[in-house]
Protein chains: 2
Amino acid sequence: MKKKILISDIAKDLGVSVTTVSFILNGKAKEKRISEGLTKRVLAHVQKVGYKPNELAKSLRTGKTKIIGLVIEDISNPFFANIARLIETRAYSKGYRIIYCSTDNQPDKTIELIQLFRDRHVDGYIITPSEGVDDTIQSLINSQLPLVLFDRYIPGLATNYVVSDNVRGAYDATAHLAQQGYRRIALVTLYSSQTQMQDRMNGYMRAIDSYKLQPYVKKVNMGDDEETTVRDFHAFLQDQQPDAIFFATNYLAITGLKALKHYQTPLPGVVSYDDHTLFKLFTPTITAVSQPIEAIADELINVLLNQLDGKIKEVKQIVLPSELIVRESSRGRISSTTS
Amino acid sequence: MKKKILISDIAKDLGVSVTTVSFILNGKAKEKRISEGLTKRVLAHVQKVGYKPNELAKSLRTGKTKIIGLVIEDISNPFFANIARLIETRAYSKGYRIIYCSTDNQPDKTIELIQLFRDRHVDGYIITPSEGVDDTIQSLINSQLPLVLFDRYIPGLATNYVVSDNVRGAYDATAHLAQQGYRRIALVTLYSSQTQMQDRMNGYMRAIDSYKLQPYVKKVNMGDDEETTVRDFHAFLQDQQPDAIFFATNYLAITGLKALKHYQTPLPGVVSYDDHTLFKLFTPTITAVSQPIEAIADELINVLLNQLDGKIKEVKQIVLPSELIVRESSRGRISSTTS
DNA sequence: CTTTTTTGCTAAAACTTTTAATACCTACAC
DNA sequence: GTGTAGGTATTAAAAGTTTTAGCAAAAAAG
């Protein structure tokens with residue numbers, strides 16, 4: 001009963017050609033010198049019968065889908081979820097839609113997902129690359145597809161990216177702990193060769209050097225289940241007895257806090273890379289390095305849109321500053337010695 | 001240089017017709033009695049040259065996109081993000097992809113998004129309906145499109161849905177507080193006519209009746225910014241002096257906890273509807289009504305897939321039990337009188 | 001040796017839109 | 001009366017696949 005209306009139906013109804021209708025619908029009436037009277041008549045009729053062009057057929061013909069593929073590490077991580085949310089809003093206002101998938105940071109899944117998006121002919125790609133996807137990314141670049149990486153980049157690959165200043169962020173966090181009087185400042189990070197992790201490590205080490213401290217580093221296996229990590233982390237605490245801990249990601253911080261709570265360990269100084277809505281609710285509130293997520297989302301969309309418009313050819317590599325948000329969890333040492 | 005390979009190229013290369021190649025690629029070789037030798041030859045060649053069918057053309061012809069549209073209230077809310085994640089994984093394993101958007105619970109945005117998905121010819125819909133979208137949902141049903149609602153449903157509309165037992169969950173939470181010795185138990189909820197909110201209110205009221213207590217209800221405006229809500233909520237505390245609070249959603253709980261912290265109010269008994277990873281890290285840990293998100297995701301995909309397979313015609317309305325997870329935040333009254 | 005059935009494959013239509021090329025008309029100049 | 005220009009709309013091809021209907025040859029049946 002609810003037969004789908006085609007452009008040919010419109011044309012037949014009004015006794016004009018399909019082409020004419022198409023031109024008018026695509027705003028080329030002026031350019032193609034179609035009379036104003038006809039233009040209005042067609043538009044009115046389209047409105048009346050509620051005709052909507054078949055987007056699939058349109059995409060097939062034009063090669064444009066108005067869809068952006070978002071390949072993200074994990075949508076249930078608040079940092080990524082919030083960025084995704086902002087990207088979505090901005091893309092939406094420009095007439096683009098988002099199709100997303102989570103990679104779990106697994107190379108094969110990432111590669112598969114990117115291939116999938118290619119099959120679907122998405123117009124552009126926003127990607128948090130996992131390790132080992134260099135060739136796949138390179139192939140996107142070779143095919144001249146609009147692309148921007150974020151959160152991390154691939155060294156040696158001349159591609160657009162937007163990241164935060166991880167070295168600086170980690171330096172600030174560590175230096176802050178040092179200034180608060182902590183001496184045995186540990187870094188908890190992942191086994192990972194990704195740039196954001198390397199950079200956070202570098203920033204930490206630089207601060208350790210500046211303040212002439214000893215490094216204490218605990219590396220965690222991403223794939224391990226939480227329980228294992230909790231035990232593993234606890235053993236590290238016992239062994240190295242740090243008086244402050246800098247967690248390289250928010251989920252490491254959360255796991256760490258769970259371990260501290262579970263073993264009822266007296267809380268050392270704590271800073272997390274990446275903020276979390278609830279960190280300001282903890283007792284004590286948790287100091288964090290906060291990435292500028294609005295700015296990141298803005299730049300990502302900007303860079304991508306510029307490519308989609310065919311405007312810009314040069315490679316954009318954007319590094320945005322992070323901000324250290326000092327809360328109670330990193331002020332223990334001072335207050336305990338001064339009060 | 002990297003000319004896209006077409007099915008016609010494959011056919012030409014091997015000196016067979018396009019039809020034959022298509023049959024083989026779609027697993028109809030047997031059915032169409034194509035010789036095994038040829039089948040193998042074609043498959044081998046396709047493999048060799050790395051031919052991939054154009055999904056758009058395929059979709060245009062078949063009317064199937066293998067995409068599921070997920071219309072969700074807010075992807076940055078952990079409850080929804082986690083469900084989205086699980087749905088994504090399950091859909092992926094069945095060969096379906098997810099395209100999602102957040103509605104912010106705004107009717108016009110919701111309607112627009114659903115229309116968008118229709119334009120894109122998604123194969124099925126998973127939707128958290130906002131208020132005032134009855135007609136839009138009805139029109140999906142009229143068009144016989146695979147559809148399942150979740151988290152809430154639309155009363156009087158015979159459509160598939162998966163929700164948790166909100167009445168029971170709210171009753172249990174409230175009853176638990178009563179059993180712990182709290183007497184002035186408040187409900188903090190939204191101005192909302194959505195079923196999940198109504199049901200939680202009902203559950204609360206039923207428990208209030210069972211235990212012969214007085215109700216104390218604070219309604220909050222969803223659109224307000226957090227600061228306003230915090231002040232508003234604080235005024236309610238001053239005014240009504242509840243000794244325990246049941247928050248009807250996790251973000252209300254978070255806002256409420258912020259208010260309590262900000263005004264340094266002594267913590268009353270607290271229960272939140274919807275759990276949160278970090279609730280077990282709080283001091284005190286927060287009691288919560290936990291929805292069975294795995295089960296919800298499973299059922300959603302099941303119900304949708306059954307429709308997509310054309311198997312089932314009857315309407316499925318599934319209500320899953322929630323679980324009360326008792327933590328420290330709701331045990332104050334007892335322990336303070338007994339210890 | 002003819003008719004029927006089976007086997008193995010193909011031509012052409014269908015999906016819906018965009019766009020390059022072109023046709024037709026009118027008016028005007030030469 | 002022919003050529004030219006400009007305005008208005010159309011024809012037909014193209015995008016890349018799936019699928020319907022059907023054909024020729026070989027095998028089986030009579």
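Chain naming here is simple, since letters A, B, ... match the order of the sequence lines and numbering starts at 1 in each.
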- Query: chain A on DNA chain D: first and last contacting nucleotide, 5' to 3', under 4.0 Å to a heavy atom?
  - Reply: D:dT8 to D:dG16
- Message: Applying ring-ring contact (aromatic ring centres under 6.0 Å, His included) as the test, list every pair that has at least one member in residues 133-163 of chain B; sequence neighbours left out.
- Response: B:Tyr153-B:Tyr161
- Enumerate the residue pairs fulfilling salt bridge (Lys or Arg N to Asp or Glu O under 4.0 Å) with a member in residues 133-152 of chain A, sequence neighbours excluded, ordered by first and then second residue. A:Glu73-A:Arg152
- Query: For B:Phe80, which residues count as a ring-ring contact (aromatic ring centres under 6.0 Å, His included) partner, sequence neighbours excluded?
  - Reply: none
- Whole-Å distance, A:Leu60 CG to C:dT19 C1', equals 14 Å
- Could you tell me the separation between the CZ atom of B:Arg120 and the P atom of C:dC15, rounded to a whole number of Å? 22 Å
- So ring-ring contact (aromatic ring centres under 6.0 Å, His included) across residues 7-52 of chain B, not counting sequence neighbours, yields none
Which donor-acceptor pairs under 3.5 Å do the side chains of residues 107-114 of chain A make with protein atoms, sequence neighbours left out?
| from | atom 1 | to | atom 2 | distance (Å) |
| --- | --- | --- | --- | --- |
| A:Lys109 | NZ | A:Ser102 | O | 3.2 |
| A:Thr110 | OG1 | A:Gln106 | O | 2.7 |
| A:Thr110 | OG1 | A:Ser130 | OG | 3.1 |
| A:Glu112 | OE1 | B:Tyr92 | OH | 3.3 |
| A:Glu112 | OE2 | B:Tyr92 | OH | 2.6 |

Taking only distance into account, with no hydrogens and no angle test, what donor-acceptor pairs under 3.5 Å do side-chain atoms of residues 298-305 of chain B form with protein atoms, sequence neighbours excluded?
| from | atom 1 | to | atom 2 | distance (Å) |
| --- | --- | --- | --- | --- |
| B:Asp298 | OD1 | B:Arg90 | NE | 2.2 |
| B:Asp298 | OD1 | B:Arg90 | NH2 | 3.1 |

- Message: Using a strict heavy-atom distance below 4.0 Å, which residues from residues 47-54 of chain B are in contact with DNA chain D?
- Response: B:Tyr51, B:Lys52, B:Pro53, B:Asn54
- Inspect the surroundings of CD in B:Glu36 and state if more than 12 heavy atoms from other residues, nucleotides or ligands are less than 6.0 Å away. no
- Task: Determine the contact category for A:Lys28: base if any of its heavy atoms lies under 4.0 Å from a base atom, sugar-phosphate if only primed atoms, P, OP1 or OP2 are that close, otherwise nothing.
- Result: sugar-phosphate
Show every donor-acceptor pair shorter than 3.5 Å between a side-chain atom in residues 25-35 of chain A and any protein atom, with sequence neighbours excluded, or say none if there are none.
| from | atom 1 | to | atom 2 | distance (Å) |
| --- | --- | --- | --- | --- |
| A:Asn26 | ND2 | A:Ser22 | O | 2.9 |
| A:Asn26 | ND2 | A:Ser22 | OG | 3.3 |

Which atom pairs link the protein and nucleotides 5-12 of chain C when you take only N or O atoms and keep those under 3.5 Å?
| from | atom 1 | to | atom 2 | distance (Å) |
| --- | --- | --- | --- | --- |
| C:dC9 | OP2 | B:Ser35 | N | 2.9 |
| C:dC9 | OP2 | B:Ser35 | OG | 3.4 |
| C:dT10 | OP2 | B:Ser17 | N | 2.8 |
| C:dT10 | OP2 | B:Ser17 | OG | 3.1 |
| C:dT10 | OP2 | B:Thr20 | OG1 | 2.6 |
| C:dA11 | N7 | B:Thr19 | OG1 | 3.3 |
| C:dA11 | N6 | B:Thr19 | OG1 | 2.7 |
| C:dA12 | N6 | B:Thr19 | OG1 | 3.4 |

- Task: Could you note down all residue pairs passing ring-ring contact (aromatic ring centres under 6.0 Å, His included) where residues 93-134 of chain A supplies at least one of them, sequence neighbours left out?
- Result: A:Tyr100-B:Tyr100
- With sequence neighbours left out, the residues meeting side-chain contact (heavy atoms from CB on, under 4.5 Å) with A:Thr62 are A:Lys64
